[in-house]
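The block underneath contains the structure these notes are about, expressed in structure tokens.
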Amino acid sequence: MNDKPKPDSEAAAPPAEAVDFVRAIVAEDLKNNKFVGRVHTRFPPEPNGHLHIGHAKAIYLNYLIAVENDGLFNLRFDDTNPTKEETQFADAIQKDIRWLGVDWADRLFWASDYFETLYEYAVKLIKDGKAYVDDLSAEEIREYRGTLTEPGKNSPYRERSVEENLDLFARMRKGEFPDGSKVLRAKIDMASGNLNMRDPVMYRIMHAKHHRTGDAWCIYPMYDWAHGQSDSIEGITHSNCSLEFEDHRPLYDWFLDQLGIHHPRQTEFARLNLNYTIMSKRKLRRLVEEGYVRGWDDPRLPTLSGLRRRGYSPESIRNFCERVGVAKRNSVVDIALLEHTLREDLNKHSARVMAVLRPLKVIIDNYPEGQVEQLDAVNNPEDPSAGTRKVPFSRELYIERDDFREDPPKKFFRLAPGREVRLRYAYFITCEAVVKDEQTGEITALHCSYDPATKGGDSPDGRKVKATLHWVSAEHALDAEVRLYDKLFIKEDPDDVPEGQDFIANLNPDSLSVLTSGKIEPSVKGAAPGNRYQFERQGYFCVDPDSTENALVFNRTVGLRDTWAKIQKQQKRK
RNA sequence: UGGGGCGUCGUCAAGCGGUAAGACACAAGCCUUUGGAGCUUGCAUUCCCAGGUUCGAAUCCUGGCGCCCCAGCCA
């Protein structure tokens, strides 16, 4: 053995994993000891709506950066607008974030916790001649602001004395003035090319009840005034936010510098967009409020509560977010990637079960009447430790209507008159006769024969069969309602509409179809809402909360990859 | 001649002067008691365009072009 020490050169180090630019910045700050080795991130939602998968990207980015660097992660609600925010939203948001597996420990904060401090900061700016009370109306302020290409002009109230500003601001707080009559503004530069620097409003008067502070205040800080200081107060080191705040950064820098307080580093990244869906809070709200979907947790929505109800696992969402990456370029991710990470996770973890969605009765003529056999079935071929279960087999069964064709097209391997197929874990059967309704011509049942020698699904003579079908014993089957979901929109870009229309026009009329005569093997009896299964050969399904003890309701989370459907599509094209 | 940002495969996305990672999608094949899963192979002679610097450029320089964001007392 040669135990000569290997030269421990840095050049021999393996190439660093490609990290996104936000993590690279954090790493660089750590290396330069910019925040004395600390990493502290946060996710700052406004409690005025529900979280969606786009938020999951931001949540995981911030949370994981903290975890990866032995840092801390805060949840802070930016509740600076009492007219829009509600406790119910704050509760739902916390539930969703917890579901993602993200832990903020005891660091739940509210911007409203800092109202007093923020007020004191504002007083300091006034004393320094950096802020003033303005009596201009909202419309006048807009006019004075100028335009994108023309500079603004100073308010006539801009040069009030410090004493007068102090007095007026104190009286604003006391409630002496009506809503909209006065605002506090930062005194910066009305000619700045960056509109955010043209004397932005810091406080407005709102005689409104706040969900946490009640009637304690009648002036409320603007987001731009509250946000950066809130991060600073919490000792946040890395304030990661979305692209549109890029040109607010100079303003946040200005406030922090004037105040001389802890200065986090802000980095902006592109928010997540997905095709065939919408992420805008306003549009989601419209779908819910106008009844296009059943609620915020409708399984067709990209909301976290919707995805949860649909059967998505948090792991699949996290994997998705990691594969999407983080960058500055606006982009639209293909929903197929989300479905891929979903299937990838569900495949490994879901118990397999046989369920017939659109039943077709099958009678095995040569199987003894009244006989029942308990056959062994594998619970999860991806996970031997999941074990096996017994599935009852009897003379009358159900198979999928789609698995039989009286006149089978090319490449259709399933059951057809005279054809032999395997019933999974059971026997080979051959279709002997087709029973039809005389009136409608609809196929009502199949008469088949079985080969007793093929029990379990293997043929002792080595005879091959081209298809394996799932099935369920008629007498033992559980009834179930099954809800199938498809894309909510028919266009990749829901906003791609003719002149005069909006995204509502692109709603997919077939995004939900309800099957009421599903038949499921008895082993799922007693399944609880949220339980996930793979219905063999069909897809992943989960128990919906609408289920009752005797009436199961399933949601199709996502279908299995369907090669036959692809073949059919190709054949149609020819 | 307002300010800020971005342009690398159909879609995301690495790359940081040394000769285009990876993933999804797609295609072909193998395997299969899920037409599932898995496995193999293919898939940007070229990085928005045009010049320039250099032995060498997606990377540096110059000039164009295109896309996104900003004129809430919303966040």
Side-chain angles (χ1 to χ4, degrees), chain A residues 15 18-20 44-46 48 78-81 83-85 134 136-139 141-143 145-152 179-185 191-198 200-206 220 222-224 226-227 242-250 268 270 272 275 281 322-341 343-344 347-348 352 354 377-378 381-382 411-414 422-426 428 454 456-459 465-470 492 534-539 559-567:
Chain A
V19 297
D20 59 73
E46 183 190 15
N48 72 338
D78 274 334
D79 54 347
T80 55
N81 187 342
T83 64
K84 295 193 172 169
E85 295 144 9
D134 196 348
L136 252 28
S137 68
E139 305 79 73
I141 285 181
R142 193 186 328 121
E143 284 160 21
R145 187 155 32 225
T147 70
L148 292 177
T149 53
E150 301 155 33
D179 288 5
S181 59
K182 285 179 169 42
V183 292
L184 183 74
R185 291 230 258 171
S192 173
N194 182 346
L195 297 254
N196 295 121
M197 303 298 272
R198 319 244 262 226
V201 172
M202 296 164 62
Y203 277 94
R204 72 286 217 191
I205 300 172
M206 295 173 109
Y220 289 94
M222 295 290 290
Y223 172 87
D224 274 351
H227 185 75
S242 46
L243 253 27
E244 67 268 30
F245 293 105
E246 210 146 20
D247 47 19
H248 292 236
R249 178 154 36 92
E268 308 84 6
L272 173 70
N275 58 13
K281 248 186 207 177
E322 283 175 3
R323 295 228 202 152
V324 161
V326 182
K328 294 201 72 151
R329 122 184 37 149
N330 288 317
S331 60
V332 180
V333 176
D334 193 338
I335 192 106
L337 180 58
L338 211 211
E339 295 187 341
H340 174 262
T341 61
R343 290 192 185 101
E344 187 178 47
N347 175 49
K348 280 184 215 136
R352 266 110 249 231
M354 289 197 283
V378 174
E382 303 293 318
K411 289 189 179 171
F412 181 87
F413 302 147
R414 284 112 95 145
R422 170 168 39 231
L423 292 183
R424 179 147 233 227
Y425 302 126
F428 282 15
T454 58
D458 285 308
S459 56
V465 102
K466 295 207 80 169
T468 300
L469 310 188
H470 60 277
E492 243 186 84
Q534 183 197 93
F535 289 179
E536 293 225 20
R537 301 208 305 131
Q538 310 202 86
L560 252 22
R561 281 187 52 210
D562 190 345
T563 308
W564 170 238
K566 193 179 280 185
I567 292 169

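Protein chains get the first letters and strands the later ones, always in sequence-line order, with residue 1 at the start of each.
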Select base, sugar-phosphate, or nothing to describe what [X] touches, counting heavy atoms under 4.0 Å on all strands.
X	result
A:Met222	sugar-phosphate
A:Gly180	base
A:Lys348	nothing
A:Glu46	sugar-phosphate
A:Phe245	base
A:Thr147	base
A:Arg352	base
A:Ser137	base
A:Leu195	base
A:Val332	sugar-phosphate
A:His248	base

[N] [atom2] sits how many Å from [X] [atom1], rounded?
X	N	atom1	atom2	answer
A:Ile567	B:A27	CD1	P	11 Å
A:Asp224	B:C70	CG	P	13 Å
A:Glu339	B:G36	CD	P	16 Å
A:Met197	B:C70	CE	P	18 Å

N/O donor-acceptor pair, side chain [X] with base [N], under 3.5 angstrom:
X	N	answer
A:Glu382	B:G36	yes
A:Asp247	B:G3	yes
A:Gln538	B:U34	no
A:Arg414	B:G35	yes

Q. Do the ring planes of A:His227 and A:Phe245 sit parallel (below 30°), tilted (30 to 60°) or perpendicular (above 60°)?
A. parallel
Q. For the side chain of A:Asp20 and the backbone of A:Gly325, is there at least one donor-acceptor N/O pair under 3.5 Å apart?
A. no
[N] pairs with which nucleotide, Watson-Crick or G-U wobble, both distances below 3.5 Å?
N	value
B:G36	none
B:G2	B:C70
B:A25	none

**Q.** Given RNA chain B, 5'-ward residue of the pair A:Glu246 and A:Glu536, judged by closest heavy atom
**A.** A:Glu246
Q.
Please compare A:Ile141 and A:Ser331 by the position of their nearest nucleotide in RNA chain B and report the one closer to 5'.
A. A:Ser331
Roughly how many Å apart are [M] and [N], using the [atom1] atom of each and rounding to a whole number?
N	M	atom1	value
B:G36	B:A58	C1'	41 Å
B:G3	B:C9	P	30 Å
B:A23	B:A14	C1'	11 Å
B:G22	B:C30	C1'	24 Å
B:C26	B:A37	P	11 Å
B:U40	B:C47	P	31 Å
B:A25	B:G10	C1'	7 Å
B:C16	B:C61	P	16 Å

Q | Under 4.0 angstrom between A:Arg561 side-chain N/O and B:G35 OP1 or OP2 | A | no
Q: Compare side-chain N and O positions of A:Arg329 against OP1 and OP2 of B:U8 and report whether any pair is under 4.0 Å apart.
A: yes
**Q.** Any side-chain heavy-atom pair of A:Pro381 and A:Arg352 under 4.5 Å
**A.** yes
Q. Salt bridge check: are A:Glu150 and A:Arg145 linked by an N-O gap of less than 4.0 Å?
A. no
Q) Is the shortest side-chain N to carboxylate O distance from A:Glu268 to A:Arg249 below 4.0 Å? A) yes
Q) When syn is taken as a glycosidic angle within 90 degrees of 0, is B:G72 syn or anti? A) syn
(Q) Distance check, rounded to the nearest 0.5 Å: A:Lys182 atom NZ versus A:Ile205 atom CD1? (A) 7.0 Å
